[in-house]
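Structure, as structure tokens:
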2 protein chains.
Amino acid sequence: MPTRSSGHGSPTIGTVAAEAGVSRATVSRAFSQPHRLKPETVERVLEVARRLGYAVNPMAKALSTGRSGNLALIVPDIANPFFPPMIRAVEQRADTAGYAVFLGHTDEDPAREDLLITRFAKQVDGFVIASSRMIETEIRAHAERRPVVLINRDVARIPRVLIDTTSGVTQAVTHLAELGHRQIAYLGGPSRSWSDGQRRRTVKRVGERAGLSVAMLPGRRASYESGREAVPAILATGVTAVIAFDDLLAHGVLTGLAERDIDVPGQFSVIGCDDVLAAQTYPPLTTVSSRAAEAGTAAVEMLASRLGSDVTGADDRLTLDTSLVVRATTTTAPRPTRKTRTTSATPTG
Amino acid sequence: MPTRSSGHGSPTIGTVAAEAGVSRATVSRAFSQPHRLKPETVERVLEVARRLGYAVNPMAKALSTGRSGNLALIVPDIANPFFPPMIRAVEQRADTAGYAVFLGHTDEDPAREDLLITRFAKQVDGFVIASSRMIETEIRAHAERRPVVLINRDVARIPRVLIDTTSGVTQAVTHLAELGHRQIAYLGGPSRSWSDGQRRRTVKRVGERAGLSVAMLPGRRASYESGREAVPAILATGVTAVIAFDDLLAHGVLTGLAERDIDVPGQFSVIGCDDVLAAQTYPPLTTVSSRAAEAGTAAVEMLASRLGSDVTGADDRLTLDTSLVVRATTTTAPRPTRKTRTTSATPTG
DNA sequence: TTGAAAGCGTTACCAG
DNA sequence: CTGGTAACGCTTTCAA
């Protein structure tokens, strides 16, 4: 029995229509295009709707309009303190733009990332993909189906917002050079990370230009433990300072160093990246600022503008500059007392 | 022109049906009830679908079946490190159960929480609400519309998983008593927090039973800064040890104490809660373990079981016990030398 | 085992 | 300014 206005479940547009004595089309308009209706009609419909506790069913609406009003945010690792502020910002900005957001956690796995995006695809109007680990081809493929805005991943012709750590890392290297350090190391992060590539290249380039010998340590998971475990390798290179991919690693290094009774910054200088630990380490960590929240906000704005008007727009690429925040883990290089020896791997320079 | 099998947009069930020479109903069945179809038919349909890149449209499916395959996770504060592991767990468990998850961030605001839930309602099959700040009436109202599982909020007859810190906090108080402390304080967290209430009561009860004098400090936002700022108030009470609502606050207290040259644990003992900072503070924080991830997983499981079968089931209430993790911020009470006095400013060494 | 057709709740085009 | 009526893409009786 196809009764539109039954009284059991949540009220539908039909229920309201019947009760208000108008057509379903009118009820629909009362919500989506009130200006095309006589004010008193709108008022009456809305009143009835309120009384009945009616609310538009987003899925039905989506099916009809082709726009879901949903976005998906994909991140590699929620547990990394770099992301929560970004997630928060995306959520907030999306919310004010009327979007609800799905959260996808890829656990740094490109395959999982690909899968998640595919699963979300039909249910969202667009994606914000942070620190994507997928290969360009895959990213492009997805971007062709749905609007995509990338964060910290530079793929031509795909809207993206990049936290440019070149500036901050350059300052970091220069800072160390000025303090008299002659040998420094870069402790890498996730290998597929665009940010890591950028930082790695910057340290190398700027370091060598400043006449420093710089050791590159292989990338690893960005975590406190990884940093702690990397200390022996770092020391083996004989450097007097290290710049880590991020604060988490740097924090771990601080601990590893402390465990070996190596004084920071007295005997060794450490610099982090992202400034997520603020002054919460001991000693307070010198680091490169980040702008995760801003990036999130900007990404949603880009996405929203794409969704609003079908602008095939220019090649959107927003970069956010960073800078060095000097705290207490860096100081002048120790005089070359004992000669630290490299054992096997990791040549310098 | 109502052509079902046009060749432009993403393929629909009609496209596949036409291409495979079967009815739309058959295609639908090939995906949802393959066993009710001749194996070779299923195979052919699936093959065609794959070739065409067809994927079921979840919204259309949802509209038809009334189940969206989505869940919503509501949290008060993504930035608090207590939540990311939980979010991660929820996401993961939901994923394996075939659900996608919306994330809602309420920023500790009950009104916003209420609003978010309402907005999600029509689009999800159920909610996991963590540390809800809403009043019981509101929670009940929502729970009547959609299945709800609460985390760290104890509302009768609503499925909930509670991280029971009673055990851990009891151990904490006892630990301090055994170390000879006679006066301790509890530094409160968010006022609407169920966990805070539980911890507060436990500290008070167990403390007094052990013959300690216990000072209750008003609740505040669970953050590093709040903890740091609370130090003067703590010192003003003349206690020799403090148990903080969570690790963030405790960490802040550590800093505030250090700024005043008060040695921890030599002159003052500090205990946190949730164990989210692990050994990452200086000194490593004695704290009460937490089980955020487990709670998230359990919550989704409860929800999924409710969704699966319409069990009006018993009064589900799962509690997860905790215990004290002793690290390095607690030790025997200092002898009553100088009478600790609060001045005003922040003298540093 | 398969097909026809009636919904699911909205929107949007076309009349009036 | 408002109503009728096809879609939107899929599921699900009901028949065959």
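In what follows, every heavy atom counts, from backbone to side chain, and hydrogens, waters and symmetry copies are set aside. Naming convention: chains lettered A, B, ... in sequence-line order (proteins, then strands); numbering from 1 in each chain.
Within 4.0 Å of B:Thr65, counting heavy atoms only, lie sugar-phosphate atoms of the nucleic acid but no base atom. At a threshold of 4.0 angstrom between heavy atoms, the contacts of A:Glu40 with the nucleic acid are absent.
Between A:Ser28 and C:dT10 there is no side-chain N or O to OP1 or OP2 distance below 4.0 Å. Look at B:Thr41 and you'll find a side-chain N or O under 4.0 angstrom from OP1 or OP2 of C:dT2. In this structure, B:Gln33 reaches the D:dT12 phosphate: one of its side-chain N or O atoms is under 4.0 Å from OP1 or OP2. Applying the 4.0 Å criterion to OP1 and OP2 of D:dG4, one finds that A:Ser23 has every side-chain N and O outside that range.
The listed nucleotides are D:dT11, D:dG3, C:dG9; the one nearest the side chain of A:Thr12 is C:dG9. Considering only the side chain of B:Leu63, C:dC8 comes nearest among D:dT5, C:dC8, D:dT12. Of the candidates C:dG9, C:dT11, D:dT11, the closest approach to any side-chain atom of A:Lys61 belongs to C:dT11. The side chain of A:Val56 lies closest to C:dT11, out of D:dC10, D:dT11, C:dT11. When the nucleotides D:dT2, C:dA4, C:dT10 are ranked by their closest atom to the side chain of A:Asn57, C:dT10 comes out on top. With D:dA6, C:dT1, D:dC10 as the candidates, the nucleotide lying closest to the side chain of B:Tyr54 is D:dC10.
C:dT2 atom P lies 13 Å from atom NE2 of B:His35, rounded to whole Å. Following rounding to the nearest Å, A:Phe31 (CZ) and D:dT2 (P) show an atom-to-atom distance of 15 Å. Rounded to whole Å, atom P of C:dT1 lies 14 Å from atom CZ of B:Arg44. Between the C1' atom of C:dT11 and the CZ atom of A:Arg67 lies a distance of 13 Å, rounded to the nearest Å.
When A:Ile129, A:Ile163, A:Val161 are each tested for a side-chain contact (heavy atoms from CB on, under 4.5 Å) with A:Asn152, only one passes: A:Ile163.
When the nearest nucleotides of DNA chain C are assigned to B:Ala25 and B:Ser64 by heavy-atom distance, the more 5′-ward of the two goes with B:Ala25. When the nearest nucleotides of DNA chain C are assigned to A:Arg36 and A:Val27 by heavy-atom distance, the more 5′-ward of the two goes with A:Val27. Toward the 5′ end of DNA chain D lies the nearest nucleotide of A:Lys38, the other residue of the pair A:Lys38 and B:Ser32 mapping further downstream.
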